[in-house]
Amino acid sequence: MPVEQLTEEERDTWLRALPEWSLARDGKAIERKFEFADFAEAFAFMTRIAIIAEKRDHHPEWFNVYNKVEITLTTHDAGGLSLRDVNMAKKIDKLV
Ligand SMILES: C[C@H](O)[C@H](O)[C@H]1CNC2=NC(N)=NC(=O)C2=N1
């Protein structure tokens, strides 16, 4: 299914609903950093996201060191941000 890249206006509107996320890569991605008590908690969080990502066929780019997880969302198929990233970010926000 083709996915449309958001216009700048759409992007800015949607991002107001995601105050914990910031624009990255020239506006082509969004990112958020998380910190947990320890590695077990961080990895449990990543596991929950992995299951959601597989279901949606929309996968995060992420970086983990011990209790820290940095997540970047972008839509490769659209060459930038799409509603799929916004929806994924909302879903991730609900997990924490
Ligand atoms: C072939 C497969 O459906 C695509 O490559 C999917 C998989 N996961 C994906 N994840 C993300 N973040 N962006 C995509 O465009 C994307 N596309």
Side-chain angles (χ1 to χ4, degrees):
M1 190 177 61
V3 223
E4 295 287 321
Q5 193 177 145
L6 295 176
T7 64
E8 272 185 43
E9 199 185 344
E10 287 168 335
R11 184 190 77 190
D12 294 343
T13 304
W14 282 113
L15 277 184
R16 266 178 246 132
L18 298 168
E20 308 289 341
W21 294 79
S22 37
L23 281 177
R25 297 192 202 153
D26 268 340
K28 294 204 179 297
I30 49 175
E31 64 183 16
R32 181 176 172 185
K33 295 178 164 68
F34 300 84
E35 198 169 324
F36 298 91
D38 53 26
F39 176 73
E41 271 197 24
F43 200 75
F45 172 67
M46 293 172 77
T47 304
R48 294 174 76 193
I49 293 174
I51 292 163
I52 295 163
E54 270 297 277
K55 264 190 208 144
R56 298 182 171 210
D57 195 26
H58 197 63
H59 303 84
E61 297 176 26
W62 51 15
F63 180 77
N64 160 245
V65 177
Y66 183 53
N67 65 335
K68 293 191 175 73
V69 180
E70 297 176 14
I71 297 183
T72 302
L73 298 174
T74 187
T75 303
H76 312 128
D77 298 348
L81 275 176
S82 78
L83 267 185
R84 300 186 77 188
D85 302 304
V86 172
N87 292 332
M88 191 70 182
K90 284 188 188 166
K91 189 86 183 170
I92 291 171
D93 280 352
K94 281 196 192 137
L95 298 179
V96 289

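Atoms within each ligand, like the ligands themselves, are counted from 1 in listed order.
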Query - Validation row: Phe63, Glu31 side chains within 4.5 angstrom (heavy atoms) - result: no

*Can you check whether Asn67 reaches Glu41 side chain to side chain, under 4.5 Å on heavy atoms?*
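Sidechains of Glu41 and Asn67: no contact.
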
Only residue of Thr72, Thr74, Leu73 satisfying side-chain contact (heavy atoms from CB on, under 4.5 Å) with Pro60 is Leu73

Is any heavy atom of the protein nearer than 4.0 Å to atom 14 (C) of ligand 1?
-> yes

(message) Tell me whether Asp57 has any N or O atom under 3.5 angstrom from an N or O of ligand 1.
(response)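 Among all N and O atoms of Asp57, at least one is under 3.5 Å from an N or O of ligand 1.
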
> Do His59 and ligand 1 have an N or O pair less than 3.5 Å apart?
Replying inline: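 The answer is yes, given that His59 and ligand 1 share an N or O pair closer than 3.5 Å.
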
For Asp77, the ligand 1 atoms with a heavy-atom partner under 4.0 Å come out as 4 (C), 15 (O), 17 (N)

Taking only non-hydrogen atoms of Thr74 and a 4.0 Å limit, the atoms of ligand 1 in range are 11 (C), 12 (N), 13 (N)

Practice task
Indicate whether any N or O donor in one side chain lies under 3.5 Å from an N or O acceptor in the other, for Asp93 and Trp21.
Solution key: yes

Heavy-atom closest pair (Lys28 atom, Gly79 atom, distance to 0.1 Å) is CD-O, 3.4 Å

